[in-house]
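Every number for a ligand or one of its atoms is a count from 1 in the order of the listing. Small disclaimer: the values here were computed from a predicted structure and weren't measured.
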Amino acid sequence: MNHFEYRDGALCAEDVPLDDIAAATGTPFYCYATATLERHYRVFADAFSGVPATVLYSLKSNANLAVVRTFARLGAGADVVSAGELHRAVAAGVPGRRIVFSGVGKSREEMAYALDAGILQFNVESLDEIEALDAVAVSQARRAQVALRINPDVDARTHEKITTGVRANKFGIARDLAGEAAARVAASSALELVGLAVHIGSQLTELAPFEAAFARLAALTRALRAEGHAIERLDLGGGLGIRYRDENPPLPDVYAEMVKRETAGLGCELLLEPGRMIVGNAGVLVTRVLYVKEASERRFVIVDAAMNDLLRPALYDAYHAIEPVREPAPGAAYAPVDVVGPVCETGDTFALDRPLPPVSPGDLLVFRSAGAYGAVMASTYNARPLVPEVLVNGDRFAVVRRRPDFDEMAALESLPDWLADAPARARGAA
Ligand SMILES: *Cc1c(COP(=O)(O)O)cnc(C)c1O
(Lines give C-alpha, C1' and ligand atoms only; values in the text may rest on other atoms or scores of the structure.)
Protein backbone atom coordinates (compact mmCIF):
# COMPACT_ATOMS: atom_id res chain seq x y z
CA MET A 1 0.00 0.00 0.00
CA ASN A 2 1.14 3.57 -0.54
CA HIS A 3 -0.08 7.07 0.19
CA PHE A 4 -0.57 8.50 -3.31
CA GLU A 5 -4.30 8.76 -3.92
CA TYR A 6 -6.81 10.95 -5.69
CA ARG A 7 -8.72 13.33 -3.47
CA ASP A 8 -11.35 15.59 -4.99
CA GLY A 9 -9.97 14.76 -8.41
CA ALA A 10 -6.34 15.61 -7.61
CA LEU A 11 -3.53 13.14 -6.96
CA CYS A 12 -2.09 13.75 -3.51
CA ALA A 13 0.97 12.60 -1.62
CA GLU A 14 -0.51 11.97 1.82
CA ASP A 15 -2.44 15.24 2.40
CA VAL A 16 -0.59 17.38 -0.13
CA PRO A 17 -1.82 17.83 -3.71
CA LEU A 18 1.06 17.18 -6.12
CA ASP A 19 -0.10 20.28 -8.02
CA ASP A 20 0.86 22.44 -5.05
CA ILE A 21 4.35 20.97 -4.90
CA ALA A 22 4.79 21.38 -8.65
CA ALA A 23 3.76 25.03 -8.39
CA ALA A 24 6.36 25.58 -5.66
CA THR A 25 9.31 23.62 -7.08
CA GLY A 26 8.79 23.32 -10.81
CA THR A 27 9.01 20.00 -12.63
CA PRO A 28 10.29 17.35 -12.86
CA PHE A 29 10.74 16.29 -9.23
CA TYR A 30 10.64 13.16 -7.11
CA CYS A 31 8.16 13.06 -4.27
CA TYR A 32 8.33 10.64 -1.34
CA ALA A 33 5.63 9.92 1.25
CA THR A 34 6.90 9.61 4.82
CA ALA A 35 3.86 7.53 5.80
CA THR A 36 4.74 4.91 3.18
CA LEU A 37 8.44 4.89 4.05
CA GLU A 38 7.62 4.36 7.71
CA ARG A 39 4.91 1.82 7.07
CA HIS A 40 7.08 -0.34 4.81
CA TYR A 41 10.02 -0.18 7.19
CA ARG A 42 7.84 -1.21 10.13
CA VAL A 43 6.10 -4.04 8.27
CA PHE A 44 9.48 -5.46 7.29
CA ALA A 45 11.12 -5.01 10.71
CA ASP A 46 8.08 -6.34 12.58
CA ALA A 47 8.13 -9.50 10.49
CA PHE A 48 11.45 -10.34 12.16
CA SER A 49 10.40 -9.60 15.72
CA GLY A 50 11.11 -12.58 17.91
CA VAL A 51 14.48 -13.37 16.32
CA PRO A 52 17.75 -11.50 16.81
CA ALA A 53 17.70 -9.51 13.57
CA THR A 54 18.90 -6.06 12.51
CA VAL A 55 17.44 -4.24 9.53
CA LEU A 56 20.11 -2.42 7.53
CA TYR A 57 18.49 -0.10 5.03
CA SER A 58 20.31 -0.42 1.70
CA LEU A 59 21.26 3.14 0.80
CA LYS A 60 21.89 2.50 -2.84
CA SER A 61 18.16 2.28 -3.56
CA ASN A 62 17.58 5.84 -2.28
CA ALA A 63 20.33 7.71 -0.46
CA ASN A 64 18.59 11.02 0.14
CA LEU A 65 19.61 12.24 3.60
CA ALA A 66 16.02 12.91 4.69
CA VAL A 67 14.94 9.42 3.60
CA VAL A 68 17.85 7.77 5.41
CA ARG A 69 17.17 9.95 8.46
CA THR A 70 13.53 8.83 8.45
CA PHE A 71 14.69 5.23 8.78
CA ALA A 72 17.49 6.02 11.23
CA ARG A 73 14.88 7.48 13.58
CA LEU A 74 13.03 4.17 13.45
CA GLY A 75 16.20 2.36 14.49
CA ALA A 76 17.45 1.20 11.11
CA GLY A 77 21.08 0.45 10.42
CA ALA A 78 22.58 0.91 6.97
CA ASP A 79 24.05 -1.21 4.21
CA VAL A 80 26.47 0.90 2.16
CA VAL A 81 28.47 0.15 -0.97
CA SER A 82 30.80 3.17 -1.09
CA ALA A 83 32.48 5.72 1.15
CA GLY A 84 30.02 8.28 -0.16
CA GLU A 85 27.06 6.22 1.05
CA LEU A 86 28.84 5.66 4.37
CA HIS A 87 29.23 9.42 4.73
CA ARG A 88 25.52 9.87 4.08
CA ALA A 89 24.51 7.16 6.55
CA VAL A 90 26.59 8.78 9.28
CA ALA A 91 25.33 12.27 8.37
CA ALA A 92 21.75 10.96 8.63
CA GLY A 93 22.43 9.71 12.14
CA VAL A 94 23.00 5.99 11.64
CA PRO A 95 25.52 4.86 14.28
CA GLY A 96 28.71 3.27 12.90
CA ARG A 97 27.94 0.12 14.88
CA ARG A 98 24.89 -0.41 12.68
CA ILE A 99 26.62 0.00 9.32
CA VAL A 100 27.78 -2.80 7.03
CA PHE A 101 30.06 -2.12 4.05
CA SER A 102 29.23 -4.29 1.00
CA GLY A 103 30.50 -4.17 -2.55
CA VAL A 104 32.84 -6.02 -4.87
CA GLY A 105 35.37 -3.23 -5.32
CA LYS A 106 36.13 -1.32 -2.12
CA SER A 107 39.25 0.80 -2.48
CA ARG A 108 41.87 1.00 0.28
CA GLU A 109 40.87 4.62 0.85
CA GLU A 110 37.28 3.52 1.38
CA MET A 111 38.38 0.78 3.77
CA ALA A 112 40.39 3.29 5.81
CA TYR A 113 37.44 5.66 5.92
CA ALA A 114 35.12 2.89 7.12
CA LEU A 115 37.57 1.73 9.79
CA ASP A 116 37.70 5.32 11.05
CA ALA A 117 33.90 5.38 11.20
CA GLY A 118 33.93 2.24 13.38
CA ILE A 119 31.51 0.27 11.22
CA LEU A 120 30.04 -3.06 12.31
CA GLN A 121 31.39 -5.26 9.54
CA PHE A 122 32.98 -5.51 6.11
CA ASN A 123 31.40 -7.99 3.72
CA VAL A 124 34.42 -9.09 1.69
CA GLU A 125 34.11 -10.53 -1.77
CA SER A 126 37.53 -11.86 -2.77
CA LEU A 127 40.83 -13.18 -1.44
CA ASP A 128 42.55 -10.07 -2.79
CA GLU A 129 40.13 -7.87 -0.87
CA ILE A 130 40.95 -9.76 2.34
CA GLU A 131 44.66 -9.02 1.75
CA ALA A 132 43.91 -5.35 1.18
CA LEU A 133 41.66 -5.00 4.23
CA ASP A 134 44.23 -6.78 6.39
CA ALA A 135 46.94 -4.36 5.23
CA VAL A 136 44.78 -1.28 5.80
CA ALA A 137 43.63 -2.43 9.25
CA VAL A 138 47.22 -3.25 10.29
CA SER A 139 48.45 0.15 9.12
CA GLN A 140 45.72 1.87 11.14
CA ALA A 141 46.24 -0.43 14.12
CA ARG A 142 42.55 -1.28 14.06
CA ARG A 143 40.59 -4.50 14.01
CA ALA A 144 37.84 -5.20 11.49
CA GLN A 145 34.95 -7.64 11.73
CA VAL A 146 34.53 -9.52 8.50
CA ALA A 147 31.81 -11.55 6.83
CA LEU A 148 32.51 -13.51 3.67
CA ARG A 149 30.05 -12.69 0.93
CA ILE A 150 29.37 -16.02 -0.68
CA ASN A 151 28.24 -16.53 -4.25
CA PRO A 152 25.68 -19.28 -3.66
CA ASP A 153 25.30 -20.00 -7.39
CA VAL A 154 21.53 -19.58 -7.32
CA ASP A 155 19.59 -18.02 -10.18
CA ALA A 156 17.40 -15.23 -8.78
CA ARG A 157 15.19 -15.33 -11.89
CA THR A 158 15.04 -11.58 -12.16
CA HIS A 159 16.27 -9.18 -14.89
CA GLU A 160 19.74 -10.26 -16.05
CA LYS A 161 21.27 -6.90 -15.14
CA ILE A 162 20.22 -7.21 -11.50
CA THR A 163 20.94 -10.87 -10.84
CA THR A 164 24.05 -11.21 -8.67
CA GLY A 165 24.16 -14.72 -7.27
CA VAL A 166 25.07 -17.05 -10.11
CA ARG A 167 28.63 -18.23 -10.66
CA ALA A 168 29.01 -16.10 -13.78
CA ASN A 169 28.36 -12.87 -11.81
CA LYS A 170 31.21 -10.80 -10.39
CA PHE A 171 29.78 -10.93 -6.88
CA GLY A 172 30.85 -12.95 -3.86
CA ILE A 173 33.35 -15.69 -3.11
CA ALA A 174 32.76 -19.05 -4.78
CA ARG A 175 31.53 -21.63 -2.30
CA ASP A 176 34.52 -23.90 -2.91
CA LEU A 177 36.88 -21.06 -1.95
CA ALA A 178 35.04 -20.19 1.27
CA GLY A 179 37.22 -22.46 3.41
CA GLU A 180 40.40 -20.87 2.08
CA ALA A 181 38.99 -17.37 2.56
CA ALA A 182 37.90 -18.17 6.12
CA ALA A 183 41.33 -19.53 6.95
CA ARG A 184 42.97 -16.41 5.53
CA VAL A 185 40.79 -14.13 7.68
CA ALA A 186 41.40 -16.29 10.75
CA ALA A 187 45.16 -16.05 10.20
CA SER A 188 45.09 -12.26 10.37
CA SER A 189 45.66 -10.49 13.65
CA ALA A 190 43.68 -7.49 12.43
CA LEU A 191 40.63 -9.29 11.04
CA GLU A 192 37.95 -11.25 12.85
CA LEU A 193 35.70 -13.62 10.94
CA VAL A 194 32.17 -13.13 12.29
CA GLY A 195 29.83 -14.37 9.60
CA LEU A 196 28.69 -15.02 6.09
CA ALA A 197 26.67 -12.92 3.66
CA VAL A 198 24.67 -13.38 0.48
CA HIS A 199 22.76 -11.07 -1.84
CA ILE A 200 21.50 -12.81 -4.93
CA GLY A 201 19.83 -10.01 -6.85
CA SER A 202 17.11 -7.42 -6.85
CA GLN A 203 13.38 -7.33 -7.64
CA LEU A 204 12.94 -11.03 -6.83
CA THR A 205 9.32 -12.04 -7.08
CA GLU A 206 9.63 -15.64 -5.91
CA LEU A 207 10.63 -17.15 -2.60
CA ALA A 208 12.40 -20.23 -3.98
CA PRO A 209 15.72 -18.62 -5.05
CA PHE A 210 16.09 -16.97 -1.62
CA GLU A 211 15.31 -20.27 0.02
CA ALA A 212 17.93 -22.12 -2.04
CA ALA A 213 20.56 -19.47 -1.30
CA PHE A 214 19.85 -19.42 2.44
CA ALA A 215 19.92 -23.22 2.62
CA ARG A 216 23.37 -23.17 1.02
CA LEU A 217 24.49 -20.49 3.45
CA ALA A 218 23.26 -22.55 6.39
CA ALA A 219 25.12 -25.62 5.11
CA LEU A 220 28.29 -23.57 4.67
CA THR A 221 27.87 -22.17 8.19
CA ARG A 222 27.89 -25.70 9.57
CA ALA A 223 30.86 -26.71 7.43
CA LEU A 224 32.96 -23.71 8.48
CA ARG A 225 32.03 -24.20 12.12
CA ALA A 226 33.27 -27.79 11.81
CA GLU A 227 36.60 -26.32 10.69
CA GLY A 228 36.70 -24.25 13.88
CA HIS A 229 35.41 -20.89 12.61
CA ALA A 230 32.94 -18.92 14.72
CA ILE A 231 30.13 -18.00 12.32
CA GLU A 232 27.76 -15.92 14.42
CA ARG A 233 26.12 -13.54 11.95
CA LEU A 234 24.31 -14.21 8.72
CA ASP A 235 23.70 -11.27 6.41
CA LEU A 236 20.93 -12.29 4.04
CA GLY A 237 21.07 -9.23 1.77
CA GLY A 238 18.09 -7.56 0.14
CA GLY A 239 16.29 -8.24 -3.09
CA LEU A 240 12.64 -8.58 -2.20
CA GLY A 241 10.62 -7.34 -5.16
CA ILE A 242 7.71 -4.92 -5.35
CA ARG A 243 4.68 -4.57 -7.59
CA TYR A 244 5.38 -2.28 -10.53
CA ARG A 245 2.63 -3.71 -12.69
CA ASP A 246 1.17 -7.13 -11.92
CA GLU A 247 3.95 -8.87 -9.99
CA ASN A 248 3.06 -10.70 -6.79
CA PRO A 249 6.24 -10.71 -4.72
CA PRO A 250 6.26 -12.56 -1.40
CA LEU A 251 4.94 -10.51 1.50
CA PRO A 252 7.47 -9.62 4.22
CA ASP A 253 5.95 -11.97 6.79
CA VAL A 254 6.04 -14.90 4.37
CA TYR A 255 9.66 -14.06 3.56
CA ALA A 256 10.47 -13.78 7.26
CA GLU A 257 8.87 -17.15 8.05
CA MET A 258 11.04 -18.77 5.39
CA VAL A 259 14.16 -17.05 6.75
CA LYS A 260 13.39 -18.25 10.25
CA ARG A 261 12.87 -21.78 8.95
CA GLU A 262 16.12 -21.85 6.96
CA THR A 263 18.22 -20.40 9.79
CA ALA A 264 16.56 -22.30 12.67
CA GLY A 265 18.94 -24.00 15.05
CA LEU A 266 22.03 -22.06 13.91
CA GLY A 267 21.82 -19.50 16.72
CA CYS A 268 23.00 -16.75 14.39
CA GLU A 269 22.23 -13.06 14.56
CA LEU A 270 20.56 -12.03 11.29
CA LEU A 271 21.25 -8.96 9.21
CA LEU A 272 18.74 -7.94 6.52
CA GLU A 273 19.38 -5.37 3.81
CA PRO A 274 16.10 -4.32 2.19
CA GLY A 275 16.14 -1.40 -0.24
CA ARG A 276 13.59 -1.42 -3.03
CA MET A 277 10.93 -3.18 -0.91
CA ILE A 278 10.88 -0.24 1.52
CA VAL A 279 11.27 2.79 -0.74
CA GLY A 280 10.11 1.68 -4.19
CA ASN A 281 6.42 2.38 -3.86
CA ALA A 282 6.98 5.29 -1.50
CA GLY A 283 8.01 7.61 -4.33
CA VAL A 284 6.76 9.04 -7.62
CA LEU A 285 8.40 11.14 -10.30
CA VAL A 286 6.22 14.10 -11.24
CA THR A 287 6.58 15.50 -14.74
CA ARG A 288 4.79 17.99 -16.96
CA VAL A 289 3.56 17.34 -20.49
CA LEU A 290 5.40 19.65 -22.89
CA TYR A 291 3.90 18.65 -26.22
CA VAL A 292 1.66 16.08 -27.82
CA LYS A 293 2.92 15.17 -31.27
CA GLU A 294 1.06 13.18 -33.89
CA ALA A 295 3.30 11.19 -36.21
CA SER A 296 2.16 8.98 -39.07
CA GLU A 297 1.36 5.98 -36.94
CA ARG A 298 2.09 7.07 -33.41
CA ARG A 299 1.16 9.68 -30.90
CA PHE A 300 4.02 10.95 -28.73
CA VAL A 301 3.54 12.55 -25.35
CA ILE A 302 6.72 14.56 -24.74
CA VAL A 303 7.30 15.22 -21.04
CA ASP A 304 9.87 17.31 -19.20
CA ALA A 305 11.39 14.33 -17.33
CA ALA A 306 13.96 12.29 -19.19
CA MET A 307 16.15 9.21 -18.96
CA ASN A 308 18.71 11.20 -16.96
CA ASP A 309 16.06 11.67 -14.24
CA LEU A 310 14.67 8.11 -14.27
CA LEU A 311 16.99 5.64 -15.96
CA ARG A 312 15.22 2.37 -15.22
CA PRO A 313 13.11 2.16 -18.39
CA ALA A 314 16.16 2.80 -20.60
CA LEU A 315 18.45 0.55 -18.55
CA TYR A 316 16.19 -2.39 -17.73
CA ASP A 317 13.14 -1.88 -19.94
CA ALA A 318 11.43 -1.28 -16.62
CA TYR A 319 7.70 -0.61 -16.39
CA HIS A 320 6.43 2.34 -14.37
CA ALA A 321 2.70 2.99 -14.17
CA ILE A 322 1.90 6.47 -15.52
CA GLU A 323 -1.08 8.44 -14.21
CA PRO A 324 -2.35 11.96 -14.69
CA VAL A 325 -2.32 14.16 -11.59
CA ARG A 326 -5.82 15.39 -12.48
CA GLU A 327 -8.11 12.39 -12.08
CA PRO A 328 -9.44 11.22 -15.46
CA ALA A 329 -13.15 11.80 -15.99
CA PRO A 330 -15.28 8.67 -15.55
CA GLY A 331 -15.46 6.96 -18.90
CA ALA A 332 -12.44 8.84 -20.32
CA ALA A 333 -11.24 7.21 -23.54
CA TYR A 334 -7.81 5.64 -23.09
CA ALA A 335 -5.65 5.52 -26.22
CA PRO A 336 -2.12 4.19 -26.69
CA VAL A 337 0.69 6.76 -26.69
CA ASP A 338 4.50 6.74 -26.49
CA VAL A 339 5.70 8.70 -23.48
CA VAL A 340 9.14 10.16 -24.19
CA GLY A 341 11.57 12.68 -22.72
CA PRO A 342 13.49 15.55 -24.35
CA VAL A 343 16.94 13.89 -24.35
CA CYS A 344 18.59 13.27 -27.72
CA GLU A 345 18.49 9.47 -27.51
CA THR A 346 15.85 7.14 -28.82
CA GLY A 347 16.33 5.23 -25.55
CA ASP A 348 14.80 8.23 -23.80
CA THR A 349 11.43 6.50 -23.90
CA PHE A 350 9.42 5.80 -20.77
CA ALA A 351 6.64 3.77 -22.34
CA LEU A 352 5.48 2.51 -25.74
CA ASP A 353 1.82 2.10 -26.66
CA ARG A 354 0.75 2.99 -23.15
CA PRO A 355 -3.00 3.55 -22.81
CA LEU A 356 -3.51 7.01 -21.34
CA PRO A 357 -6.55 9.25 -21.09
CA PRO A 358 -6.36 12.43 -23.21
CA VAL A 359 -3.55 14.74 -22.06
CA SER A 360 -2.61 18.26 -23.12
CA PRO A 361 0.49 20.41 -22.80
CA GLY A 362 0.79 21.67 -19.23
CA ASP A 363 -0.81 18.61 -17.64
CA LEU A 364 1.06 16.84 -14.86
CA LEU A 365 1.76 13.10 -14.94
CA VAL A 366 3.38 10.81 -12.39
CA PHE A 367 5.59 7.80 -12.86
CA ARG A 368 4.70 5.52 -10.00
CA SER A 369 6.99 3.23 -8.00
CA ALA A 370 9.95 5.52 -8.58
CA GLY A 371 11.23 5.70 -4.99
CA ALA A 372 13.95 3.09 -5.51
CA TYR A 373 16.78 3.32 -8.06
CA GLY A 374 15.26 6.56 -9.32
CA ALA A 375 16.87 9.75 -8.02
CA VAL A 376 20.05 7.87 -7.05
CA MET A 377 20.68 6.98 -10.69
CA ALA A 378 19.96 10.48 -12.01
CA SER A 379 22.62 12.31 -13.98
CA THR A 380 23.06 15.68 -15.65
CA TYR A 381 23.17 14.30 -19.20
CA ASN A 382 22.29 16.98 -21.78
CA ALA A 383 23.34 19.47 -19.06
CA ARG A 384 19.98 18.99 -17.39
CA PRO A 385 19.97 19.98 -13.70
CA LEU A 386 19.92 17.10 -11.24
CA VAL A 387 16.28 16.33 -10.46
CA PRO A 388 15.02 17.69 -7.10
CA GLU A 389 13.49 15.56 -4.35
CA VAL A 390 10.58 16.47 -2.09
CA LEU A 391 9.52 14.73 1.11
CA VAL A 392 5.91 14.89 2.27
CA ASN A 393 4.84 14.30 5.85
CA GLY A 394 1.11 14.57 6.48
CA ASP A 395 0.09 18.02 5.26
CA ARG A 396 3.65 19.33 5.09
CA PHE A 397 6.28 19.06 2.41
CA ALA A 398 9.93 20.03 2.14
CA VAL A 399 12.37 20.17 -0.74
CA VAL A 400 15.03 17.75 0.50
CA ARG A 401 17.30 18.15 -2.51
CA ARG A 402 16.90 21.33 -4.47
CA ARG A 403 17.45 21.88 -8.15
CA PRO A 404 20.93 23.31 -8.80
CA ASP A 405 21.24 26.36 -11.06
CA PHE A 406 23.48 26.42 -14.12
CA ASP A 407 26.32 28.26 -12.40
CA GLU A 408 26.39 25.66 -9.63
CA MET A 409 26.44 22.92 -12.23
CA ALA A 410 29.45 24.50 -13.93
CA ALA A 411 31.24 25.39 -10.71
CA LEU A 412 33.18 22.11 -10.51
CA GLU A 413 34.70 22.75 -13.91
CA SER A 414 37.50 25.10 -14.82
CA LEU A 415 39.36 26.12 -17.94
CA PRO A 416 43.09 25.42 -18.27
CA ASP A 417 45.29 28.50 -18.70
CA TRP A 418 45.71 27.92 -22.44
CA LEU A 419 42.00 28.49 -22.85
CA ALA A 420 41.85 31.41 -20.46
CA ASP A 421 40.75 33.86 -23.15
CA ALA A 422 37.23 32.44 -22.84
CA PRO A 423 34.40 34.71 -21.73
CA ALA A 424 34.52 35.54 -18.02
CA ARG A 425 31.30 33.66 -17.29
CA ALA A 426 32.77 30.41 -18.60
CA ARG A 427 35.78 30.86 -16.32
CA GLY A 428 33.43 30.74 -13.38
CA ALA A 429 33.79 34.44 -12.52
CA ALA A 430 30.05 34.71 -12.27
C1 LIG B 1 21.51 -3.60 -3.83
C2 LIG B 1 21.82 -4.35 -2.59
C3 LIG B 1 20.82 -4.51 -1.60
C4 LIG B 1 19.41 -3.99 -1.75
O5 LIG B 1 18.74 -4.63 -2.77
P6 LIG B 1 17.16 -4.38 -2.98
O7 LIG B 1 16.83 -5.22 -4.14
O8 LIG B 1 16.98 -2.94 -3.24
O9 LIG B 1 16.48 -4.82 -1.74
C10 LIG B 1 21.17 -5.19 -0.46
N11 LIG B 1 22.41 -5.69 -0.28
C12 LIG B 1 23.39 -5.55 -1.20
C13 LIG B 1 24.74 -6.11 -0.95
C14 LIG B 1 23.13 -4.88 -2.39
O15 LIG B 1 24.09 -4.75 -3.31
Q) On the ring face of F350, is R312 found with NZ or CZ under 6.0 Å from the centre and within 45° of the axis? A) no
Q.
A cation-pi test, strictly: NZ or CZ of K106 under 6.0 Å from the centre of the six-membered ring of F101 and no more than 45 degrees from its axis. Yes or no?
A. yes
Any nitrogen or oxygen of [X] lying under 3.5 Å from a nitrogen or oxygen in ligand 1? Just yes or no.
X	result
R276	yes
V81	no
Y373	yes
S58	no
K60	yes
G239	yes

Q. Would you say the ring centroid of F171 lies under 6.0 angstrom from that of H199?
A. no
Q. Is N62 reaching over with its side chain to a backbone N or O of A372, donor-acceptor style, under 3.5 angstrom?
A. no
Numbering as shown, the atoms of ligand 1 that approach [X] to under 4.0 Å (heavy-atom distance):
X	value
G275	6 (P), 8 (O), 9 (O)
D79	10 (C), 11 (N), 12 (C)
S202	6 (P), 7 (O), 8 (O)
S102	13 (C)
G238	9 (O), 10 (C), 11 (N)

Q.
Around atom CZ of R326, are there more than 12 heavy atoms from other residues, nucleotides or ligands closer than 6.0 Å?
A. no
Q.
Let's go through Y57 and F71 carefully: what are the C-alpha distance in whole Å and the side-chain angles of both, what is the deciding distance for ring-ring contact (aromatic ring centres under 6.0 Å, His included) to 0.1 Å, and is it a yes or a no?
A. CA-CA 8 Å; Y57 168 62; F71 297 133; 4.6 Å; yes
Q | I200 to A156 - nearest heavy-atom pair and separation | A | O-CB, 3.4 Å
Q.
Applying ring-ring contact (aromatic ring centres under 6.0 Å, His included), can you list everything that pairs with H87, at least two apart in sequence or on another chain?
A. none
Q. What protein heavy atom sits nearest atom 11 (N) of ligand 1, and how far off is it?
A. E273 OE1, 2.5 Å
